[in-house]
Structures are given as C-alpha cells and as structure tokens.
Number of protein chains: 2
Amino acid sequence: MSEEPAAHPAPTAPSAPLAVSAPPAESALSAPPAEPRGRRLSQDDRRRQLIGIGLQMLASRPIHALSIDAVAAEAGISRGLLFHYFPTKQHYYAAVVRAAARRLLNAAQAHPHVAPAEQVRSIVAAYVGFIDRHLEPYVAFFHRGAGADADLQEIFDNVRDTLTDRVLAASKLEANPASRMTVRAWWALVESLAVDQATHHATTSEALVRYAVDVLADLLARVDELRGE
Amino acid sequence: MSEEPAAHPAPTAPSAPLAVSAPPAESALSAPPAEPRGRRLSQDDRRRQLIGIGLQMLASRPIHALSIDAVAAEAGISRGLLFHYFPTKQHYYAAVVRAAARRLLNAAQAHPHVAPAEQVRSIVAAYVGFIDRHLEPYVAFFHRGAGADADLQEIFDNVRDTLTDRVLAASKLEANPASRMTVRAWWALVESLAVDQATHHATTSEALVRYAVDVLADLLARVDELRGE
DNA sequence: GGCATCTCTTGAGCAATGCTCAACATACCG
DNA sequence: CGGTATGTTGAGCATTGCTCAAGAGATGCC
C-alpha cells in the first residue's frame with residue numbers, strides 16, 4: 001500500500017506541472033501522462049511512472065497479454081530496471097491493481113457530516129458513478145484481474161471489507177457476522193447492477209442508487225432470518 | 001460446448017469401468033481418475049482425459065502457474081500432442097472452465113414438476129450446496145479464473161444468463177430488461193452469501209436458502225422502482 | 001500376409017519472455 | 001576532484017508457449 005502514482009507527474013518533467021494535458025484533470029482508473037524518456041528518476045517517481053503505465057496498459061488487456069518488455073519500452077527503460085522495482089511480474093501487477101483499488105476507494109468515500117441515510121446513498125452513488133465512468137478499467141482490474149495469486153485476493157477482500165465497513169459505520173449498525181455477510185453480499189449485488197447499468201443504460205443512475213439503498217434496508221430487515229433462525 | 005470429461009473413464013483402461021475408485025462417484029468440480037499412461041486414445045477420450053486433468057490441477061492453482069509441460073507429464077504424453085487438441089493454452093483453459101461450468105449448471109437444475117416457489121428454492125439450494133461442497137474449485141474456476149480473454153467472459157456470462165433464465169422461468173415472471181438485471185444481480189448476492197457460508201459456516205444452509213428466496217421476492221417487488229421511475 | 005492409408009503421437013527446435021547479475025553511469029557530497 | 005550511493009543497463013540463462021515434419025500404431029483392402 002505504499003506505491004501509487006500521485007496526482008502530480010514526475011518532477012523531472014518541468015512542463016507538466018499538475019494536470020494532464022488532453023483530458024481535464026480527472027482522478028480515474030485510466031492513466032497519468034506519458035513520460036518523456038528522461039532518466040534517473042527517484043525511486044518513488046519511477047514507481048509512480050511504472051504503475052501509471054500499468055494502469056494505462058492493463059485497462060484494456062489481461063495481464064498475460066502484457067509483457068515486461070512492453071512496459072519497459074513504454075517507460076523508456078530496460079527490462080532489468082523493472083525487476084529492480086518489482087521483484088516479480090506478479091508483484092508489479094499487484095501494485096497496479098492496488099493503485100486502482102485505492103482510486104476506487106478514494107472515489108467512494110463517506111461524507112461524515114450528513115445524516116446516515118444520506119451517507120449510504122452518497123457512497124453508493126459515488127461507487128456507481130465510478131463504475132459508470134470507468135467501466136472498462138473497472139472490469140479489467142476487479143473482475144478480469146482476479147486471475148492471479150493470494151496477493152490479488154487480499155486486495156479485493158480489502159476493497160470489499162472497506163466498503164462494507166463504511167456502509168456499516170454510516171448506517172450506525174453493529175458489525176456482527178450476519179450483518180457483515182449481508183452487506184458484503186449486497187455490495188456484490190450493487191456491483192452487478194452498476195456494471196449492467198454502465199453497459200446497457202437500462203435506467204437512470206438515480207433510480208438505481210435509490211433502488212440499491214432501499215434494497216439494503218430490506219436485506220437488513222431480514223437479517224435475523226439469516227442468523228441461526 | 002462439445003468437450004467434457006464423461007462419467008466413464010477412458011475405454012482403453014479395462015479395469016476402471018464406470019465409477020472412480022476411492023471416492024464414491026460424485027459429480028464434482030474436482031477430478032476424474034488418473035490414467036495409466038496407455039497410448040493411442042481416441043480424440044474424444046484424449047480430450048476428456050486432458051480436461052479431467054485440467055479440472056484436477058487447476059482447482060488449486062491459477063492458470064499461469066500451470067504449464068503445458070505439467071499437464072502433458074501428468075497425462076503421460078508429449079507437449080506437442082496437447083497443442084494438437086487445443087490450439088492454444090487459452091483454448092485449453094477455456095475448455096476446462098467450460099467443463100466446470102457445465103457441471104455447475106448440471107447441479108443447479110430445476111425440478112419441472114413442482115410449484116414455482118419450490119422450484120426456485122431447489123435451484124438455490126442446489127447452487128449453494130454445490131459451492132459448499134466444492135468451494136476451492138468453484139472459486140478457482142469462477143472467480144480467479146476470470147483473468148483471461150473474451151472466451152472466458154462468454155462462459156461466465158452464459159452461466160449467469162442460464163441461471164437467470166431458470167429462475168425467471170421457474171417463478172413465472174416475464175423476462176424484461178429490468179427483471180433480468182434484478183435476477184442477475186440477485187445471483188451475485190447469492191453467490192457472495194454462498195461463498196461466505198462455505199468459508200465461515202456462520203449459519204445453516206437452510207436459513208441461507210430461505211433468506212435468499214425471500215430476498216428475491218423483495219427485490220422483485222421493488223422492480224418498478226428500478227425501471228425509469 | 002502385405003500394402004496403403006488414416007490418425008494419433010512424438011520430439012527437436014524456435015521465439016518470446018520472466019528473471020538474474022555484474023558492470024556502468026549519474027548525481028550528490030565532502 | 002575523488003568517493004560513495006544509487007539509479008540503470010544489457011548480456012545472458014531457463015522456462016515455456018507453440019510449430020512442424022516425421023514416426024508409429026491401428027485399420028481396411030486386396
């Protein structure tokens with residue numbers, strides 16, 4: 001959880017101060033700017049650059065279709081250097097997915113100073129909006145990306161758990177196993193709805209968010225039924 | 001959808017007629033018997049054998065951790081032969097996942113001659129039971145397995161769509177976009193619950209199934225809220 | 001039986017690629 | 001200006017996905 005492309009591009013590029021050129025500064029799953037192949041970056045900047053390239057190149061293709069060579073070429077560095085920063089291709093991929101996860105979690109934050117119901121609604125709205133705006137990379141990183149090892153699984157679990165915690169906290173519910181299980185499952189439902197919506201636009205985002213929130217209430221109203229009996 | 005390990009082992013093995021030796025014949029995601037490295041099998045039998053090996057070896061490790069060499073060695077054949085049956089490692093993997101999907105769909109069938117509510121209940125119970133009995137391979141093939149290309153995506157979509165169709169048919173509902181979207185999302189919820197349950201055993205299967213069925217009713221009762229408005 | 005043919009099977013070999021490592025170069029510091 | 005730290009390179013190794021021409025076992029026909 002220590003590496004991630006920051007909002008600013010590498011400091012060695014004096015002409016690219018804070019925002020990207022073409023698209024207006026949008027904190028997305030897609031990508032930071034391309035680096036003029038300057039050399040001798042600091043550890044942090046190099047990591048950021050490489051992870052940024054990963055976010056970019058892996059948004060549209062699965063990990064097995066991306067070679068270390070391609071990343072190195074895009075970054076203007078040698079293959080070897082990539083292994084200096086990431087001991088393994090899997091580690092590199094995990095770092096990229098971790099960055100994507102952080103962006104997602106960053107987008108779906110709670111507003112601490114509003115009523116509980118409104119907090120949940122805003123989290124869901126942000127989450128749904130994020131998927132709507134970044135469908136392809138979202139699917140690439142969080143569905144298709146599952147392919148690998150325990151590291152990845154841990155990242156996904158962490159995202160789900162964090163979102164679940166936020167909803168539980170926002171709705172002032174006690175966090176017992178049954179309610180956690182319920183909210184986690186509800187997030188799976190919301191995700192499915194959001195991906196469907198982003199794909200087919202069968203309804204409005206507002207209707208979908210309201211539906212999701214109401215459904216959560218239904219689910220929690222039945223939570224005793226789930227527990228033992 | 002044409003290749004799949006059948007119930008019977010390869011015919012060239014005269015001492016293994018129909019059921020596996022150690023575990024009683026259980027239609028699972030796990031594995032058919034190991035083949036004595038006889039030679040010269042028929043196309044169908046060889047495919048079945050190879051897919052069976054895949055079901056076995058991929059139940060516990062991701063695809064990138066399994067080499068064609070390992071499969072060939074396990075089957076007692078040369079690397080080259082595997083590419084005679086599957087033009088690509090991805091094709092091989094897709095065939096294995098397809099076999100796993102078929103087993104899952106086979107397990108979660110509707111009983112056509114009972115009341116609608118009971119039909120839905122039995123489908124869900126079978127699905128939940130399947131995950132409970134085969135958690136590791138289920139996760140390996142249907143979560144972790146997502147990693148690859150469009151072929152895989154198509155298989156998963158097909159599973160979801162088929163399950164959705166069955167539930168819609170069993171509950172005598174009209175299949176409009178909103179109801180399909182709802183039922184698909186509900187399946188995502190059920191899957192999450194089932195995986196959680198298989199992992200932590202926080203409640204009983206019966207309670208979980210009843211909960212799932214009741215929740216579906218809640219969801220469908222709200223479906224107008226989802227549509228336009 | 002002998003020959004032809006079909007199909008399953010092999011194994012050498014190529015190219016791509018993940019990964020290692022010793023050497024190099026550039027920045028910083030005294 | 002020399003020394004040290006560290007970012008960087010590129011040759012090279014082993015693995016592995018994949019190709020291909022040739023071999024071997026079965027089957028059919030005379």
Side-chain angles (χ1 to χ4, degrees), chain A residues 2-3 9-14 35-54 57-58 61-96 147-149 151-152, chain B residues 3 10-14 35-54 57-58 61-96 147-149 151-152:
Chain A
S2 60
E3 64 283 22
T12 48
E35 220 33 55
R37 50 185 58 200
R39 310 166 133 209
R40 189 97 196 173
L41 300 189
S42 75
Q43 284 238 19
D44 277 2
D45 289 328
R46 186 60 84 192
R47 288 181 85 93
R48 281 190 253 272
Q49 180 206 18
L50 293 174
I51 289 177
I53 288 174
M57 302 190 83
L58 289 165
R61 80 196 87 180
I63 179 62
H64 71 257
L66 180 66
S67 69
I68 291 290
D69 274 33
V71 178
E74 179 73 18
I77 62 173
S78 66
R79 262 161 303 170
L81 189 56
L82 217 149
F83 289 101
H84 175 72
Y85 288 95
F86 306 96
T88 250
K89 190 185 184 184
Q90 294 306 315
H91 283 81
Y92 173 62
Y93 185 55
V96 172
D149 28 88
D151 278 353
L152 272 284
Chain B
E3 64 282 24
T12 49
E35 218 35 52
R37 50 185 57 201
R39 313 167 130 209
R40 188 97 197 171
L41 299 190
S42 75
Q43 284 238 18
D44 278 1
D45 289 328
R46 185 62 83 191
R47 286 179 86 94
R48 281 190 253 271
Q49 179 207 18
L50 293 174
I51 290 178
I53 289 174
M57 302 189 85
L58 289 166
R61 82 196 84 181
I63 179 62
H64 71 257
L66 180 66
S67 69
I68 291 290
D69 275 34
V71 178
E74 179 73 19
I77 61 173
S78 65
R79 260 165 305 169
L81 189 56
L82 217 149
F83 289 101
H84 176 71
Y85 288 95
F86 305 96
T88 250
K89 191 186 185 185
Q90 295 305 316
H91 283 80
Y92 174 61
Y93 185 56
V96 172
D149 29 84
D151 278 353
L152 272 284

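Within every chain, numbering begins at 1; the chains are lettered A, B, ... in the order of the sequence lines, protein sequences first and strands thereafter.
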What N/O pairs connect the protein and nucleotides 15-17 of chain D at under 3.5 Å? Give each pair on its own line.
unit_1: D:dG17; atom_1: OP1; unit_2: B:K89; atom_2: NZ; d: 2.9
unit_1: D:dG17; atom_1: OP2; unit_2: B:I68; atom_2: N; d: 2.9

Starting from the C-alpha separation in whole Å, work towards a yes-or-no answer on side chain to side chain contact (heavy atoms under 4.5 Å, CB included) for A:L41 and A:R47. CA-CA 9 Å; A:L41 300 189; A:R47 288 181 85 93; over 6 Å; no
What's the [atom1]-[atom2] distance between [X] and [N], to the nearest Å?
X: B:L81; N: D:dC18; atom1: CG; atom2: P; answer: 15 Å
X: B:D44; N: C:dT7; atom1: CG; atom2: P; answer: 14 Å
X: A:L82; N: C:dT20; atom1: CG; atom2: P; answer: 12 Å
X: B:H84; N: D:dT19; atom1: NE2; atom2: P; answer: 13 Å
X: A:L41; N: D:dT9; atom1: CG; atom2: P; answer: 10 Å

Does a side-chain N or O of B:R46 approach OP1 or OP2 of C:dT9 to a distance below 4.0 Å, or not? yes
Give a yes/no answer on whether the side chain of B:Q43 brings an N or O atom under 4.0 Å of OP1 or OP2 in C:dT7. no
CD1 of A:I68 to CG of A:L50, rounded to nearest 0.5 Å, is 9.0 Å
So how far is it from B:Q90 CD to B:D151 CG, rounded to the nearest 0.5 Å? 8.5 Å
Those residues that, when tested against B:D69, pass salt bridge (charged side-chain N to carboxylate O under 4.0 Å, His left out) (two or more places apart): B:R79
Could you give me the CA-CA distance, side-chain angles and deciding distance for B:E74 and B:V71, then say whether side chain to side chain contact (heavy atoms under 4.5 Å, CB included) is met? CA-CA 5 Å; B:E74 179 73 19; B:V71 178; 5.7 Å; no
Could you pull out all donor-acceptor pairs under 3.5 Å where a side-chain atom in residues 80-89 of chain B meets a protein atom, sequence neighbours excluded?
unit_1: B:K89; atom_1: NZ; unit_2: B:I63; atom_2: O; d: 3.4
unit_1: B:K89; atom_1: NZ; unit_2: B:L66; atom_2: O; d: 2.8

For the pair A:Y93 (side chain) and A:L152 (backbone), establish whether a donor and an acceptor sit closer than 3.5 Å, ignoring hydrogens and angles. no
Below 3.5 Å between N/O atoms, which protein atoms pair up with nucleotides 26-30 of chain C? Just atom names and distances, please.
unit_1: C:dT26; atom_1: O2; unit_2: A:R40; atom_2: NH1; d: 2.9
unit_1: C:dT26; atom_1: O2; unit_2: A:R40; atom_2: NH2; d: 3.4

Kindly express the pairing pattern of DNA chain C in dot-bracket notation, using | wherever a base pairs with another strand and counting only Watson-Crick or G-U pairs under 3.5 Å. ||||||||||||||||||||||||||||||
Among the candidates D:dG7, C:dT10, C:dC8, find the nucleotide nearest to the side-chain atoms of B:Y85. C:dC8
State, to 0.1 Å, how close A:R46 and A:Q49 come at their nearest heavy-atom pair, and which atoms those are. NH1-OE1, 2.6 Å
Nearest heavy-atom pair of A:G54 and A:V96: which atoms, and what distance? C-CG1, 3.7 Å
